[in-house]
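Take a look at the structure below.
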Amino acid sequence: MATPRPSSRLRLYWLTDPSDRGLAVMLLTPLVLLVGLVVVYPVARLFRTSLYNHALTSGMPPEFVGFENFLLIAEDPVFWRVLGSTAIITAVTVPGALLMGLAMALMANLPFRRKWPVRLSLLIPWALPLAFAGLIFAWFFHSEYGVVNDLLRRFGLQPVIWFNSPFWSMAAVCLTIIWKTSSFMALILLAGLQTIPRSLYEAADVDGAGRWRQFREITLPLLRPAIVVALIFRTITALQTFDIPYTMTQGGPGDATATLAMYIHENTISFLDLGYGSALAVVMFLLSMLMTAAYLRMIRARG
Amino acid sequence: SAETALRIFISSQHQPDIWREVLDRYQEAHPDVTVEIETGGNTSEAQAQYLNTLMSAEDSSLDVMILDVVRPAQYAAAGWTRPVEGVDMATYLPAYAEANTVGGDVVALPAFADAMFLYYRTDLLEKHGVAVPETWQELRAAAQKILAAEGDADLQGLSFQGKAIEGAVCTFLLPLWSLGGQVVEDGEFEMDDTTALASMELWKGFADDGTAKPNISEVATDDTRREFQAGDVVFAVNWSYAWAQAQGEESEVAGKVGVARLPAMEGGEQVSCLGGWEWGVSAFTEHPDEAEALVKYLSSPEVAKHMAVNGALLPAFPELYDDAEVLEAAPWFADAKEVVETARPRPVTPRYAEVSEVIRTTLNAVLAGVTTPEDGVTEIEARLRRVLR
Amino acid sequence: MGSILQGKALRLIVAGVLLINGLFPALWILLTSLKSEQELTQKPITWLPESPNMENYFTAFTDQPLHLFLFNSFMVALLSTLLTLFVSVLAAYAIARLNLRHRGLILSAIIAVSTFPLVTLLVPLFEVMRGLSLLNTWTALVLPYTVLSLPVCTLILVSFFEGIPRDLENAAMIDGCTRIGALFRVVVPLSAPGVFTAGILAFVNAWDEFLLALSFNSNPALRTLPVGIQMYQGEFTFPWPVISAALIVGIVPVAILIVLFQERVVSGLTTGGVKG
Amino acid sequence: MGAVAFRKLSKAYGQAPIVQAIDLDIADGEFVVLVGPSGSGKSTILRMLAGLESVTGGEVLIGGQVVNHLQPRQRDIAMVFQDYALYPHKSVRENLGFSLKVRGVDRAEAERRIGEAAEMLGIGHLLDRRPAELSGGQRQRVAMGRAIVRRPQVFLFDEPLSNLDAKLRGQVRTEIKKLHQMLGTTILYVTHDQVEAMTLADRIVILRGGVIEQVGTPDQVYGNPANVFVGGFIGAPAMNFLRCSVRDGVVDYAGQVLLTGRDDLPDQVLLGLRPEHLAAGRGQGIDLSGVVQVVEPLGADTLVHVDLGGALVTARLDPALRPQPGSRIDLTAAFANIRLFDGRTERALPCP
Amino acid sequence: MGAVAFRKLSKAYGQAPIVQAIDLDIADGEFVVLVGPSGSGKSTILRMLAGLESVTGGEVLIGGQVVNHLQPRQRDIAMVFQDYALYPHKSVRENLGFSLKVRGVDRAEAERRIGEAAEMLGIGHLLDRRPAELSGGQRQRVAMGRAIVRRPQVFLFDEPLSNLDAKLRGQVRTEIKKLHQMLGTTILYVTHDQVEAMTLADRIVILRGGVIEQVGTPDQVYGNPANVFVGGFIGAPAMNFLRCSVRDGVVDYAGQVLLTGRDDLPDQVLLGLRPEHLAAGRGQGIDLSGVVQVVEPLGADTLVHVDLGGALVTARLDPALRPQPGSRIDLTAAFANIRLFDGRTERALPCP
Ligand SMILES: Nc1ncnc2c1ncn2[C@@H]1O[C@H](COP(=O)(O)OP(=O)(O)OP(=O)(O)O)[C@@H](O)[C@H]1O
Ligand SMILES: Nc1ncnc2c1ncn2[C@@H]1O[C@H](COP(=O)(O)OP(=O)(O)OP(=O)(O)O)[C@@H](O)[C@H]1O
Ligand SMILES: [Mg+2]
Ligand SMILES: [Mg+2]
């Protein structure tokens, strides 16, 4: 046997033939390095800054204030308002994108002879840079020059001044986000769908399950890991919703569609209040982790 | 020889080629200095985004940067710009002296000027025998008259910026100033509720009585320009850039455009809102002296004239508006002088960004009908008081 | 198959709706790109361009180095995709297959990376990149983009790897592969749809990003598409037709490229491999 | 009811014909076993009957009705898949109960049937496991159980016992037989196991390359194979064939006269002899002699492979007999056990 | 070299012990067949030997070296998986050639070996297909081929022929035998097929519930099963057992005296009788009589299940005999063929 005995040449053995743990370390190293290099310092600084009163425009050096920023946040009515909008956007667009994405994925997975039109339609929303999606949809929803109102008019309906009302503004923003993000869902779910063995559907067919039943009993459970992944990240990005309302409504009317991320952006980039902005970011991080934990628990509970 | 390489930041919309010409001249005069242009994001916002990142990181790669007129105070407070010494600010239009002076320090020097104008349709005014309005009330009457006579459903009397963008701050301030109001004085919050309310009510009134469109809350600067240019607007409040476009070959209204000072409130004075850009020296520059010298040059009458003639940029020096060469290149500058002279800078405070945010979102909410003018004023008052504490 | 949508008519209707949903905005942008500026302010609005012409495309390419933007975006996206895939494949395998003790914790940590809004990391990230002398290089973008995409890609791959029958991997190890060999020669090809999806995600994440691209690469020759397209804007002006043209040039080839690529990824590969 | 019929049923993948215009009638309640070499289209036929595979040509009838266009679930069949196709995310219990749940069978009844099937298959203790935690044979039994809990019109079994040990296989086979007698359901059953085929079948269908070679009762196909292929395929070890020439009614193999007085034969015949019909010794009818090549003691019998000078024949002899490889041996067979086939067409000829 | 040994090898899933402290030595070049009921741990043992399953306790040795911590690829083994484990994304050719490619065998040589294996398994025409396009038996042959192209120290076969028809199985079995003789590689082979076990094995290992019940040559385990379990497990149909009481050296079954003069027996014995050792009639040694219950004609034999008044015995009789169910039948067996087991411990007792 050409292989060395483990006991005699322990070190070499470890290198050529890593145990599970050694191997795990090896495999996770690139990730850890990259993440460490790129975000650990920024994140550490973020946490630190959140404990300081660090408003550049005050002309004063940063001052350690402990959790004061967080107390301020709790008392900040704007924070609660943007948090509310963010919650609405999350609550509407995450399920919305999930349903839409699921429909798109199921459709793209159908054995159409030509798959590319469906797949293209699935990808295009996504390939459209986020920075422009909001602008373009603002244009679509424009009360006079927008194609949406034009269509409403053509169908004999009353056109809406979308951005004049908090409700319709929010609706337009949510629709746009759903449009833009369902591709993300659809792609992940489509990939998941493709790995479900056909034979299971055959077995279910023979067992007498109709399409809906098959969907519920086979597709959904087997798709669950993919759904959870998609949900986790969609939720995180929904909590971070920024570009679309920022370019579409500037948060208007008033601050009806302003989101937490916009508020963070404003505080950090425009107001240069780094302490407060960082504290807000930490709050957002905590919220994200809370949601993630809930999802992870969901997989573990039933997985 | 110790050659100094300077790097200046210009937005690519501000005609970097023409700036290059003046920089080349400067290099000829100062062989030991080379100046490189860095062009960045085209909007004030994109530049702020970029510059704020760079400056927060205390980056020394830029020596000189162009700043929107609302920013020098903020940059100075953050310690990002270095005061310029030995400049007689009196040579500039007074508003620029004000905008660039913080606590006695000159924190930046004007690059070029801008202001808001009243654009109007000479043909329509003439046709209906209406004079150029000098008060908003006159404007309303004129617009109503023309609208009624024209009977064109697509025609609107007045277009202004109601979207929650920076322009909306000017929209709010114009009537307020006209009535002698203020928002910030010497860095202190100093707003008079009656003038503020008058402003809110004025704009909301325009939307309600059909002088302006009901969707005014979604109108941004360029929407105003585009609609005016399409012939759908009688009066428009806009910056100077719209002039060239309105008279351009793609315009429906070329040759039928007039500009004037913005109307006053009844009993008030005619004021405009100051725009324009400033040169600032980065606090992190490794060549402070050379950078300062360069800024002084760039902010000199000589350069301003060159830019006016070749780039149609409004000069920050009053005398250049009477300069023959300038007027030959841009005859309408003659009309602009008055406007620029009566323009006021937006509140000069390090917390301007917050001030702006409060004002524009509130005005937007009022115009959209989400808040009443009264509540809007109360809201502005409450929030600004906290910001400017 | 796995669809609740049955009946040809219903299927076609739904397909139609989804097609319109996906393609209409792009189509509208395309139409806009063929219109003139004035046509946009006509009332009522026109659908088809009155006198379609390619002038805006011409402008898009002459006004700004659009080809450079495309090239930069493409290269940055491609490099970051490759790097992301490599790193996340390794990590995902470790998480999916090796019985790690703190699996939940590791997963949460990875997810945590993506929970910070970029703006708040911008300045320190800038300092990091400056510290590494990477500003104004593709790498300055490739690295953060990779990190941005890593969490989602890793999680996707984990869920895929878990679905691959272990015996296939076992067979490969018996056949003489190392675990890593088995990973790349069997597990990865069999997770093709997942790897591919992760790839597109990474690609589009990089393709889309604006903030870092704006701040880290001030050299115009290194501008990426989203930053580049902004250059058509003025302070106030937003030339829709030209920007539309630039967007079409930016989106369509990429989308088509991805679709073509995807057509080649065979689906449902695991069938026929094992009994059970 | 549960009668099944195929009318010119065909299937092709691309150009390759897999099943070629098959005609077959299966009476209600009949137990039909499909046998044939690997790849001969057995699974394909079951799958077409189940509606899982599209039909290239011809018709499938269940209960007298053409079902070509019916969905599998509308055909009221139960099937054991050759590759099991268990639901990986469901426990064994859920796997077994799924079809009942779908069809709205009430809980208690479902539990009862699951219990019965699990009992019968000896998987009662595995009900809460997932398929991935089962051994190969256990999985197969779950697959089997999934079909059994149903009470369909037609059962389709695709090699349902191949991964079970002989003992268990025997047990389950008996249970299947009982089930069939009890329910009277039509059954189509694919197997490679001779014993299963012989003991379970009312009729056996032998397939080759997608074509039916013979249909008959076990006795018929074993005793009177329609052609050389069937003769060789049914029975293990396989039938021995000796290529003989016929002249003037005399059949001789390599110069050795085996039969005489057969004027009805073509000039080339294949003489078929089953291993179990060969005995050591001489004089029972025809005699052969050759050299022992390999001896395989099976316990209950001994297989002896004998070289007759060109052809190799296998004889199943008494386990006590252990001839030495290399030694000469005499073999004999009764005339009644000889089968004759046309040397060219390979079809059966009248027996001596 | 290729010698394999297990030392107190154990495996448990959670609490459940699956393999319990097994000791076994397999000589280099030996052909060992593992048999046992479904779920008895056969696959688990192969997988531990291959290094695919962690060992809970004990050691695995190959060529005298402990390999517990070696990776599968370092153990130089080839394996046929019970569930095939074909690479779905590779063609048959690539499936076969993969291990060679990985090990850097040169192209031409690889092609040659693939060709040989494909030839031997009759899958030459399928080389360009994907596994999904194969029938069950074809897949199994590919799985087999994948192991065969290698020339490892040890072959592990997990029910490699279960999906093949009898004829093909016979052929491949012969080929495996030849291969073994040619290469002299150690082989561990799991099968449920009695014939395979008997003909291929140098030694047979009988497992039950993770414990070795007997190890021996085919003749030994068939002829002298160590206990009731082995007796009942080896041989199909299974050995019949009659529970007899012993008094004063007289063994009697239900009042019928079967043996006399056996003073060495405990008071309860099980008398084992293989079906093939029962003949119709009387007088060969012990005589039994009962009512025919079921008659199963298998072609080469007829199985008759006879109710002896309580116990059911199966007799393998001449195919010509077809007794009527319900009729009485006399059965007889030679003394030499009788096996005795302790009625309580179920262990074998000295034979009469
Ligand atoms: N992951 C698992 N968790 C729990 N039990 C398991 C797991 N895998 C296998 N088992 C159990 O281990 C036992 C032995 O399994 P193994 O596959 O070795 O059986 P086997 O002898 O090969 O059976 P077969 O003949 O059916 O293939 C079985 O009872 C099986 O249910
Ligand atoms: N998707 C496919 N494409 C091409 N040929 C196929 C496909 N599926 C099956 N075949 C071929 O069809 C033939 C019949 O397959 P089938 O599964 O019916 O055989 P089978 O009689 O069940 O064999 P086995 O006993 O091995 O299970 C085989 O030769 C197989 O290779
Ligand atoms: Mg089959
Ligand atoms: Mg097994």
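Worth saying up front: this structure is predicted, and the values here are computed from it rather than measured. Numbers restart at 1 for each chain; the letters A, B, ... are given by sequence-line order, proteins then strands.
Interface summary for chain A: among D:Arg150, D:Arg103, D:Met79, the most heavy-atom pairs under 4.5 angstrom belong to D:Arg103. Heavy-atom pairs under 4.5 Å with chain A peak, among D:Ala78, D:Ser99, D:Ala50, at D:Ser99.
Remark: A:Glu202 CD to D:Glu53 CD distance equals 7.0 Å, nearest 0.5 Å. Rounded to the nearest 0.5 angstrom, A:Ile218 CD1 and D:Tyr87 OH are separated by 5.0 Å. Here CG of A:Asp207 is found 5.5 Å from CZ of D:Arg146. Values are rounded to the nearest 0.5 Å.
Counting all heavy atoms, side chain and backbone alike, D:Ala85 lies closest to A:Ala203 at O-CB, 3.7 Å. Minimum heavy-atom separation, A:Gly208 to D:Arg73: CA-CB, 3.4 Å. Residues D:Leu52 and A:Arg198 come closest through the heavy atom pair O-NH2, 4.3 Å.
At a 4.5 Å heavy-atom cutoff, the contact between D:Lys101 and chain A is made by backbone and side-chain atoms alike. Using a 4.5 Å cut-off between heavy atoms, D:Arg47 touches chain A through its side chain atoms alone.
In the displayed structure, D:Glu116 atom CD is contacted under 6.0 Å by more than 12 heavy atoms of other residues, nucleotides or ligands. The number of heavy atoms from other shown groups lying within 6.0 Å of CD (D:Gln74) is above 12.
D:Glu94 is not listed as a side-chain neighbour of A:Glu217, based on a closest heavy-atom distance of 4.5 Å or more.
The backbone N or O of A:Val206 sits nowhere less than 3.5 Å from a side-chain atom of D:Arg75 that would complete a donor-acceptor pair.
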